[in-house]
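Beneath this line is the structure, given in structure tokens, with notes to follow.
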Amino acid sequence: MNHEFNVELAKKTKSVDKAVLLNGFLCPNNDWVECSIKTIAKLYPYFSPSKIKKMLNSLEKDGYLISSFRSEKNFDRTKSYKLTKKSLGV
């Protein structure tokens with residue numbers, strides 16, 4: 001598996017790691033992507049779950065991602081993520 005990143009996004013976030021992670025959320029029509037930290041850790045085995053959580057929180061705080069609990073099942077606490085205009089407008 002190959003992972004890529006947007007150089008301009010890496011400059012804006014001041015982090016290649018965050019740019020790599022954001023690239024994983026790119027999808028047609030900028031739809032919501034539902035995934036757990038555990039699932040993301042499997043896709044990016046070089047990031048620990050705690051690092052992923054910190055990066056996601058930072059990216060949300062800085063306005064690059066938004067998140068929501070979108071499941072219709074009350075017991076399902078898996079978050080969904082969506083890129084913001086800030087991250088798409090690089």
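Numbers here simply count residues along the sequence, with the first being 1.
For the atom pair CG (Asn57) and OG (Ser67), the distance works out to 8.0 Å, reported to the nearest 0.5 Å. Rounded to the nearest 0.5 angstrom, Leu65 CG and Lys86 NZ are separated by 11.0 Å. Residue Leu88 holds its CG atom at 9.5 Å from CG of Leu22, rounded to the nearest 0.5 Å. Rounded to the nearest 0.5 Å, atoms CG (Asp62) and CE (Met55) are 13.0 Å apart.
Residues Lys18 and Ser58 have side chains in contact (heavy-atom distance under 4.5 Å, counting atoms from C-beta outward). Between Phe25 and Leu56 the shortest side-chain heavy-atom distance falls below 4.5 Å. For the pair Ser80 and Phe69, the minimum side-chain heavy-atom distance is 4.5 Å or more.
In this structure, Thr13 contributes its side chain and Leu9 its backbone to a donor-acceptor pair below 3.5 Å. Proximity of a side-chain donor or acceptor of His3 to a complementary backbone N or O of Leu43 within less than 3.5 Å is detected.
Remark: Phe5 pairs with no residue by the ring pair (Phe, Tyr, Trp, His ring centres under 6.0 Å) rule, at least two apart or across chains. Here Thr84 pairs with nothing under the side-chain hydrogen bond (donor to acceptor under 3.5 Å, both in side chains) rule; sequence neighbours left out.
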- Item | Candidate pair Leu21 and Tyr44, rule side-chain contact (heavy atoms from CB on, under 4.5 Å), full reasoning | CA-CA 8 Å; Leu21 192 60; Tyr44 300 94; 4.0 Å; yes
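Look at Glu34 and Lys82 and you find no salt bridge, because none of the NZ, NE, NH1 or NH2 atoms lies under 4.0 Å from a carboxylate O.
Ala19 and Asn6 make their closest contact through CB-O, 4.0 Å (heavy atoms, listed as atom of the first residue, atom of the second, distance). Across Ala41 and Pro49, no two heavy atoms sit closer than the pair CB-CG, 4.1 Å.
Applying the salt bridge (Lys or Arg N to Asp or Glu O under 4.0 Å) test to residues at least two apart or on different chains, the pairs with a partner in residues 42-54 are Asp17-Lys51.
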